[in-house]
Amino acid sequence: MVKVVTWNVNSINTRLDRVKAFLARESPDYLCLQELKCADEKFPLEAIEGTGYHAAFFGQKAYNGVAVISKEPVEILFRNFGDQHPDEASRVITVRTKHKFDLICVYVPNGQSIGSEKFLYKMDWLKRAKEFLNQHWTLSDRLIIVGDFNIAPDDRDVYDPLAWKEHIHCSTGERAALQDLTSFGLIDTLRMHDQSAGVFSWWDYRELSFARNKGLRIDLIYATPPAASLCRSVKIDRDERRGEKPSDHVPVIATFEI
DNA sequence: ATGGTCGTTGGACGA
């Protein structure tokens with residue numbers, strides 16, 4: 001069984017002890033991280049390798065940054081979309097695994113508010129992501145794409161859909177863009193196992209959101225049909241939000257019978 | 001309704 005995890009850690013260095021504890025506790029095969037918030041030279045590579053894991057990472061100073069931490073070494077296929085686009089934000093790392101599937105770790109732009117300049121950037125970025133997928137894979141490939149999508153796929157993924165109606169992360173335009181991206185042939189693996197509302201992966205640090213379960217499900221694990229058919233479980237590690245200095249996101253853990 | 005909390009920074013900005 002192969003265990004694949006996505007977790008927006010909101011600073012790898014601030015969260016290092018939690019990451020190490022998670023590796024020891026869950027023993028994931030692939031731990032995909034977002035919002036490293038550090039330049040590559042400040043990535044805690046020795047600490048990760050000290051646990052017996054390998055790390056492929058693509059960071060930048062202060063913001064963004066993605067990584068794949070793995071038991072077996074991986075081959076980096078692409079950073080961002082592998083093109084020469086003058087986008088300095090480090091948001092995607094794609095790796096080829098020894099388990100014969102490709103794995104994409106994404107940190108989709110937040111978008112700030114509907115219609116803002118950052119929102120337009122988010123929408124354009126999602127369009128480029130679709131082109132990236134179509135350029136390199138087909139739905140018959142074994143492909144897993146995970147990350148912080150900054151979009152709640154539908155109203156079940158929102159604690160108060162009326163309050164969030166047409167707000168950032170939930171708007172019709174963003175959901176259509178996500179639908180367009182996943183129409184490539186990607187399956188939301190959590191929904192293969194659980195149709196319930198109120199299953200969240202992120203809660204605002206403010207307003208006692210976690211205690212009130214005022215959250216969103218924006219951290220997602222998608223798979224093409226050949227990979228999704230091997231998915232046996234998906235769970236959200238809510239306990240990771242407890243204790244001192246948690247991230248505002250918790251890990252989403254999927255197992256595949258590979 | 002408003003503001004509130006983090007992390008990276010070294011005053012705001014991003015989320």
Side-chain angles (χ1 to χ4, degrees), chain A residues 6-22 32-45 47-48 57-67 80 87-92 105-126 129 146-153 157-171 173-175 177-178 200-220 236-252:
Chain A
T6 183
W7 186 13
N8 179 325
V9 284
N10 187 16
S11 169
I12 179 67
N13 284 306
T14 294
R15 229 62 68 194
L16 185 57
D17 285 347
R18 278 183 177 265
V19 169
K20 286 161 66 179
F22 183 86
C32 301
L33 302 175
Q34 302 88 36
E35 285 209 82
L36 304 178
K37 291 189 170 179
C38 73
D40 284 347
E41 56 269 26
K42 293 191 175 175
F43 185 90
L45 182 59
I48 298 297
F57 49 93
F58 177 39
Q60 67 179 95
K61 186 179 177 183
Y63 303 114
N64 310 311
V66 286
N80 281 344
D87 178 0
E88 69 238 351
S90 302
R91 295 183 175 278
V92 191
C105 173
V106 303
Y107 175 49
V108 175
N110 179 291
Q112 194 175 49
S113 61
I114 308 301
S116 67
E117 201 163 303
K118 292 191 176 95
F119 180 79
L120 299 178
Y121 168 69
K122 180 180 194 173
M123 298 299 281
D124 182 63
W125 192 94
L126 289 164
V146 312
D148 175 359
F149 283 76
N150 268 315
I151 301 172
D157 305 311
V158 184
Y159 71 88
D160 187 346
L162 274 180
W164 280 79
K165 191 174 171 62
E166 297 307 330
H167 278 61
I168 196 68
H169 309 307
C170 305
S171 69
E174 290 166 275
R175 285 176 171 170
L178 182 63
F200 305 135
S201 63
W202 169 89
W203 302 261
D204 199 301
Y205 280 125
R206 299 165 288 188
E207 301 179 300
L208 299 172
S209 296
F210 181 66
R212 296 172 179 168
N213 200 29
K214 294 172 69 171
L216 303 174
R217 189 176 71 95
I218 54 180
D219 300 276
L220 310 171
I236 296 187
D237 185 8
R238 289 176 59 95
D239 287 345
E240 186 52 52
R241 184 60 186 255
R242 302 177 201 284
E244 294 293 310
K245 288 172 86 74
S247 171
D248 47 352
H249 300 248
V250 297
V252 182

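None of the values given here were measured: they were computed from a predicted structure. Chain A is the first sequence line, chain B the second, and so forth, proteins listed ahead of strands; every chain is numbered from 1.
Rounding to the nearest 0.5 angstrom, the gap separating the CD atom in Glu117(A) from the NZ atom in Lys122(A) is 15.5 Å.
Of the possible donor and acceptor atoms, one in the side chain of Ser201(A) sits under 3.5 Å from a partner among the backbone N and O of Ile218(A).
A tilted orientation is assigned to the rings of Trp202(A) and His249(A), their planes being inclined by 30° to 60°. A tilted orientation is assigned to the rings of Trp7(A) and Phe22(A), their planes being inclined by 30° to 60°. Taking the six-membered ring for Trp and thresholds of 30 and 60 degrees, Trp164(A) and Tyr159(A) have ring planes more than 60 degrees apart, a perpendicular arrangement.
dC6(B) and dT2(B) have their P atoms separated by 23 Å, given to the nearest Å. Look at the C1' atom in both dA1(B) and dA12(B): the space between them is 25 Å, to the nearest Å. For the C1' atom pair drawn from dG3(B) and dA15(B), the interatomic distance equals 16 Å after rounding to whole Å.
In the set dT8(B), dA15(B), dG7(B), dT8(B) carries the atom at the smallest distance from any side-chain atom of Ala62(A). The side chain of Lys118(A) sits closest to dG14(B) out of dG14(B), dG7(B), dG3(B).
Atom CG of Asn13(A) and atom C1' of dC6(B) are 16 Å apart (whole Å). The CG-P distance, from Asn8(A) to dA15(B), rounds to 11 Å in whole Å. Rounded to an integer number of Å, the gap from His249(A) NE2 to dT5(B) C1' is 13 Å. Between Phe210(A) atom CZ and dG4(B) atom C1' the separation is 18 Å, expressed in whole Å. The CD-C1' distance, from Glu174(A) to dA15(B), rounds to 14 Å in whole Å. When rounded to the nearest whole Å, the span between CH2 of Trp202(A) and P of dG7(B) equals 15 Å. In this structure, Trp203(A) places its CH2 atom 16 Å from C1' of dA15(B), rounding to the nearest Å. As a whole-Å value, the separation of Asp248(A) CG from dG4(B) C1' is 14 Å.
The base of dG7(B) is not paired with the side chain of Glu35(A) by any donor and acceptor separated by under 3.5 Å.
One finds a side-chain N or O of Arg15(A) lying less than 4.0 angstrom from the OP1 or OP2 phosphate oxygen of dG7(B). Note on Lys61(A): every side-chain N or O is 4.0 Å or more away from OP1 and OP2 of dT8(B). Side-chain N/O atoms of Ser11(A) include none lying less than 4.0 angstrom from OP1 or OP2 on dC6(B). Residue Thr14(A) places at least one side-chain N or O under 4.0 Å from the OP1 or OP2 atom of dT8(B). OP1 and OP2 of dA15(B) both lie 4.0 Å or more from every side-chain N or O belonging to Lys37(A).
Residues Lys165(A) and Cys170(A) fail the side-chain proximity criterion, which asks for heavy atoms closer than 4.5 Å.
Nearest-nucleotide mapping onto DNA chain B: of Arg206(A) and Cys38(A), the residue sitting toward the 5' end is Arg206(A). Each of Tyr63(A) and Asp204(A) was matched to the nucleotide of DNA chain B holding its nearest heavy atom; the match closer to the 5' end belongs to Asp204(A).
Taken residue by residue, residues 107-114 of chain A places heavy atoms nearer than 4.0 Å to DNA chain B at Tyr107(A), Asn110(A).
Partners of Arg206(A) according to the salt bridge (Lys or Arg N to Asp or Glu O under 4.0 Å) rule, which considers only residues two or more places apart in sequence or in another chain, are Asp204(A).
Counting only residues at least two apart or in different chains, salt bridge (charged side-chain N to carboxylate O under 4.0 Å, His left out) contacts with residues 9-19 of chain A comprise Arg18(A)-Glu240(A).
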